[in-house]
Amino acid sequence: GFTKRYYAAARPELAKTLAARLPTLWQALAEAYAGEMTVAQIEEQTRFLQSPLGQKMQRLSTDNFDPSELLQKSVDSGLHEAKDKQAGEKEVGAAASMAMLYSLSQLTEAERNEFVAYMGSPAGKAAQRSGPAVMTAVVKWMNADDPEAAKKMGEIALGVLAEMKKEKGETEQK
């Protein structure tokens with residue numbers, strides 16, 4: 001029961017910490033995209049992502065690709081560390097490629113043709129090139145040291161344990 005209680009107790013603090021850290025993620029993502037894309041290409045990518053096909057591809061990609069295991073492998077192999085930016089990219093790339101192929105198989109022929117045409121455009125190619133930098137930015141952000149947040153989470157965990165011990169003692173006394 002600890003995990004459930006800890007999550008319930010920590011959730012408000014986690015939300016506050018996440019909200020405070022999101023601008024750092026957005027900046028890192030902007031830099032990752034800007035490293036490969038012009039403003040015009042970013043605008044074209046935005047239009048594509050807002051189109052019915054772009055929305056469908058985002059939904060299918062999300063449905064067909066669970067990055068949690070790959071992100072953990074990437075973290076374990078040091079993808080988030082500046083000294084080893086290449087670690088994990090092959091595994092992530094292979095899994096993303098398989099998810100993309102499966103997503104493409106779920107499109108109509110006309111949708112596939114439209115998607116392939118976009119991906120062959122300068123904006124589509126630039127978006128593809130930005131992928132590794134985007135993944136690196138996300139993993140680095142996820143694993144950034146935040147001693148203050150870690151201290152707060154530890155205090156919450158100790159509080160939950162103390163409550164559970166107190167409840168256990170009260171139950172044993174009855």
Visitor: Quick test of your reading of the model: are Lys16 and Glu13 salt-bridged, counting only N-O distances below 4.0 Å?
Guide: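 Salt bridge present between Lys16 and Glu13.
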Visitor: Could I get the full list of salt bridge (Lys or Arg N to Asp or Glu O under 4.0 Å) partners for Glu114, not counting sequence neighbours?
Guide: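 Salt bridge (Lys or Arg N to Asp or Glu O under 4.0 Å) list for Glu114, sorted by chain: empty.
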Visitor: Please name the pair of heavy atoms, one in Asn64 and one in Ser103, separated by the smallest distance, quoted to 0.1 Å.
Guide: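 Nearest pair, atom of Asn64 first, then Ser103: ND2-OG, 2.9 Å.
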Visitor: Could you pull out the closest heavy-atom pair between Gly120 and Lys125, with the gap in Å?
Guide: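 Answer, listing the atom of Gly120 first, then Lys125: O-CE, 3.2 Å.
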Visitor: Only counting residues at least two apart or in another chain, list the ones meeting salt bridge (Lys or Arg N to Asp or Glu O under 4.0 Å) with Arg59.
Guide: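 For Arg59, the residues satisfying salt bridge (Lys or Arg N to Asp or Glu O under 4.0 Å) (neighbours in sequence not counted) are Asp63.
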Visitor: State, to 0.1 Å, how close Ala126 and Gln41 come at their nearest heavy-atom pair, and which atoms those are.
Guide: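 Of all heavy-atom pairs spanning Ala126 and Gln41, the closest is CB-OE1, 3.6 Å.
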Visitor: Can you confirm whether more than 12 heavy atoms, excluding those of Arg112, are under 6.0 Å from its CZ atom?
Guide: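 For Arg112, atom CZ is crowded (more than 12 foreign heavy atoms under 6.0 Å).
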Visitor: Provide the closest heavy-atom pair for Gln45 versus Met37 in the form atom of the first, atom of the second, distance.
Guide: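 For Gln45 and Met37, the tightest heavy-atom pair comes out as CB-CE, 3.8 Å.
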Visitor: Under 4.5 Å side-chain heavy-atom separation, chaining through any Ile, Leu, Val, Met, Phe, Trp or Tyr, what else clusters with Leu107? Say none if it is isolated.
Guide: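 Once heavy-atom contacts under 4.5 Å are chained together, Leu107 belongs with Phe48, Leu49, Leu53, Met57, Leu60, Met100, Leu104, Phe115, Tyr118, Met119.
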Visitor: Among residues at least two apart in sequence or on other chains, which ones pass salt bridge (Lys or Arg N to Asp or Glu O under 4.0 Å) with Arg5?
Guide: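 Checked Arg5 against salt bridge (Lys or Arg N to Asp or Glu O under 4.0 Å); matches are Glu163, Glu167.
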Visitor: Residues sharing Tyr6's hydrophobic cluster, by side-chain heavy-atom contacts under 4.5 Å among ILVMFWY, directly or via others?
Guide: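 Grouped by the 4.5 Å side-chain rule, Phe2, Leu14, Met153, Ile156, Val160, Leu161, Met164 form the rest of the cluster around Tyr6.
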Visitor: Please check this pair: side chain of Gln128 against backbone of Gly124, looking for a donor-acceptor N/O pair closer than 3.5 Å.
Guide: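 Present.
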Visitor: Which heavy-atom pair separates Ala9 from Pro12 by the least distance, and what is that distance?
Guide: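 Minimum heavy-atom contact is O-CD, 3.5 Å.
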Visitor: Under 3.5 Å, is there a donor-acceptor pair between the side chain of Trp141 and the main chain of Leu29?
Guide: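 No: the side chain of Trp141 does not pair with the backbone of Leu29.
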Visitor: Kindly give the heavy-atom pair with the smallest separation between Ala137 and Ala28, and that separation in Å.
Guide: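 So the minimum-distance heavy-atom pair works out to CB-CB, 3.8 Å.
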Visitor: Check whether Leu22 and Tyr33 end up in the same hydrophobic cluster, where Ile, Leu, Val, Met, Phe, Trp and Tyr are linked by side-chain heavy atoms less than 4.5 Å apart.
Guide: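 The answer is yes; both residues are in one hydrophobic cluster.
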Visitor: Sequence neighbours excluded, which residues qualify as salt bridge (Lys or Arg N to Asp or Glu O under 4.0 Å) partners of Glu31?
Guide: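 In terms of salt bridge (Lys or Arg N to Asp or Glu O under 4.0 Å), with neighbours along the sequence ignored, Glu31 is linked to no residue.
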Visitor: Tyr7 and Arg11: side-chain contact (heavy atoms from CB on, under 4.5 Å), yes or no, with the steps?
Guide: CA-CA 6 Å; Tyr7 177 72; Arg11 188 173 180 179; 3.5 Å; yes
